[in-house]
S.K.: 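Below is the structure I would like to discuss, written out as structure tokens.
We use all heavy atoms of the structure for the numbers below, so side chains are in, but hydrogens, waters and symmetry mates are not. When a residue number appears, it is its place in the shown sequence, counting from 1.
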Amino acid sequence: MIYLLPFIFLILVGCDYVEKMFVEEDLLDRPPSQRCGECHQKIYNQWMHSRHSVSWTSGEFVRSSKNRTKKKCLSCHAPLEVLPERQPVVREKLREEGVNCFSCHYREETGSIHGPYEVFSPPHYSTYDPDYISSKICAGCHRKTYSQWKASGSDRTCQNCHMPSKKDRLIQKFPYMYLHSKKELHNHRFPALKADRKDMELSLEEKDGMVILRVKNTGIPHRFPAAQQGNPRVYITLKGISGGNEVYTETVMLTAKTGIDYMKTKEFYFFPDVKTERFSVIVERKLSYQEKREVLFTADFPD
């Protein structure tokens with residue numbers, strides 16, 4: 001019965017009255033993200049473990065921006081407002097929070113929190129905004145990757161891959177958690193997904209003492225690897241095996257500039273100086289914040 005009390009109250013006095021009565025004014029002044037976490041605990045905890053939360057403080061950014069003196073780098077690492085397909089401006093306060101809650105969800109124009117659902121949320125005004133299920137919302141900062149994705153013609157959005165969702169409550173604080181039903185809660189950790197064997201089409205040809213490895217990007221609707229910021233590396237290693245022993249190994253490296261575009265093929269040429277019975281291809285990556293490479297997948301020839 002206690003769960004019904006908020007709904008009974010709403011019916012008696014009306015949503016507009018309750019919204020004005022319970023609005024918390026500091027939420028309209030871009031407070032620290034921890035303030036959002038008081039109600040949106042799960043989303044806040046995910047964001048806290050995301051690269052967005054450290055976009056201003058990460059060592060890679062501090063180094064590559066020459067201790068934040070490259071002005072063109074600053075606005076995407078501590079944006080005031082993230083708007084569809086527009087370069088943001090850098091904010092003045094709480095820069096250490098990087099891309100924080102209010103960067104993405106607060107709009108000065110409406111004085112409201114924007115998101116992908118039409119919800120009633122007494123502590124602040126809320127506005128339904130379809131841009132939040134569109135890749136356009138990512139385009140202002142991730143311009144190159146967005147252009148690559150757009151050229152791919154894929155119907156998968158950035159959110160489909162990098163904000164996977166599951167049914168859950170948007171709010172964990174009582175009694176607001178019962179104001180609306182469970183919805184698709186999108187992962188605000190923004191995971192960098194790992195390519196696997198089904199994303200790449202590999203073939204190998206031996207010709208005149210040369211080995212030609214062809215790799216086609218069939219599953220990732222942007223360049224592999226891709227990054228507007230950061231410095232990702234993909235390593236493709238060819239190993240020659242004979243008599244159960246590794247007798248040859250050579251590695252090539254791909255960057256965001258030299259990677260493989262969607263539905264495109266790259267050829268890699270190797271020149272083993274020994275006879276081999278079979279080959280093994282190992283594909284690894286190293287993101288800018290990783291200390292070591294991690295294996296994405298392997299392929300054997302003949303399989």
S.K.: Taking all non-hydrogen atoms of both residues into account, name the closest pair between Asn217 and Ile260 and its distance.
M.R.: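 Heavy atoms only, the tightest pair is ND2-O, 3.2 Å.
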S.K.: I want to check a possible cation-pi pair here: Arg51 against Tyr289, using under 6.0 Å from ring centre and within 45° of the ring axis as the test.
M.R.: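 Geometry flag: set, cation within 6.0 Å and 45°.
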S.K.: Please enumerate all residues that pass side chain to side chain contact (heavy atoms under 4.5 Å, CB included) together with Lys150, with sequence neighbours excluded.
M.R.: Glu85, Tyr146
S.K.: Could you check whether Asp168 pairs with Lys182 (Lys NZ or Arg NE/NH1/NH2 to Asp/Glu carboxylate O, under 4.0 Å)?
M.R.: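 Answer for the salt bridge query: no.
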S.K.: Is the closest side-chain donor-acceptor distance between Ser288 and Glu60 under 3.5 Å?
M.R.: no
S.K.: For residues 199-211, which residue pairs pass the side chain to side chain donor-acceptor pair (under 3.5 Å) check, not counting sequence neighbours?
M.R.: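 Side chain to side chain donor-acceptor pair (under 3.5 Å) check on residues 199-211 returns Glu205-Arg214.
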S.K.: Please write out which residues are connected to Tyr44 in a hydrophobic cluster, directly or through intermediates, given that two of Ile, Leu, Val, Met, Phe, Trp, Tyr count as joined at side-chain heavy-atom separations below 4.5 angstrom.
M.R.: Trp47, Met48
S.K.: Does one side chain, of Asp131 or Ser134, offer a donor that lies under 3.5 Å from an acceptor on the other?
M.R.: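 Side-chain D/A pair, Asp131 to Ser134: absent.
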S.K.: Could you tell me whether Lys194 and Glu294 have a side-chain N and a carboxylate O separated by less than 4.0 Å?
M.R.: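 Salt bridge: yes.
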S.K.: Should side-chain heavy atoms under 4.5 Å link Ile, Leu, Val, Met, Phe, Trp and Tyr, which residues sit in the same cluster as Met210?
M.R.: Ile212, Tyr269, Phe271
S.K.: Do Arg223 and Thr145 get their side chains close enough for a donor-acceptor pair, meaning under 3.5 Å?
M.R.: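 Not at all, the side chains of Arg223 and Thr145 share no donor-acceptor pair under 3.5 Å.
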S.K.: Keeping Ser112 on the side-chain end and Tyr125 on the backbone end, is there a donor-acceptor pair under 3.5 Å?
M.R.: yes
S.K.: Check the orientation of His222 and His162. Use parallel for under 30°, tilted for 30 to 60°, and perpendicular for over 60°.
M.R.: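 Aromatic pair His222/His162 classed parallel.
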S.K.: We want to know whether Gln87 and Ser75 form a side-chain donor-acceptor pair, criterion being a heavy-atom distance below 3.5 angstrom.
M.R.: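 Checked: Gln87/Ser75 side chains pair up, N/O donor to acceptor below 3.5 Å.
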S.K.: Show which side-chain atoms of residues 275-282 pair as donor or acceptor with protein atoms under 3.5 Å away, not counting sequence neighbours.
M.R.:
unit_1 : atom_1 : unit_2 : atom_2 : d
Glu277 : OE1    : Gly243 : N      : 3.2
Glu277 : OE2    : Gly243 : N      : 3.3
Ser280 : OG     : Asp300 : OD1    : 3.0

S.K.: Taking only Lys NZ, Arg NE, NH1 and NH2, and the carboxylate oxygens of Asp or Glu, determine whether Arg30 and Glu81 approach each other closer than 4.0 Å.
M.R.: yes
S.K.: Does some side-chain heavy atom of Leu204 sit less than 4.5 Å from a side-chain heavy atom of Leu238?
M.R.: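 Side-chain contact under 4.5 Å: yes.
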S.K.: Determine, for Glu24 against Arg35, whether the closest basic-nitrogen to carboxylate-oxygen distance falls under 4.0 angstrom.
M.R.: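 Yes, Glu24 and Arg35 are salt-bridged.
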S.K.: Going by atom types alone, do Thr110 and His114 pair a side-chain donor with an acceptor below 3.5 Å?
M.R.: yes
S.K.: Which ILVMFWY residues are connected to Phe61, directly or by a chain of links, through side-chain heavy atoms under 4.5 Å apart?
M.R.: Trp56, Leu74, Val90
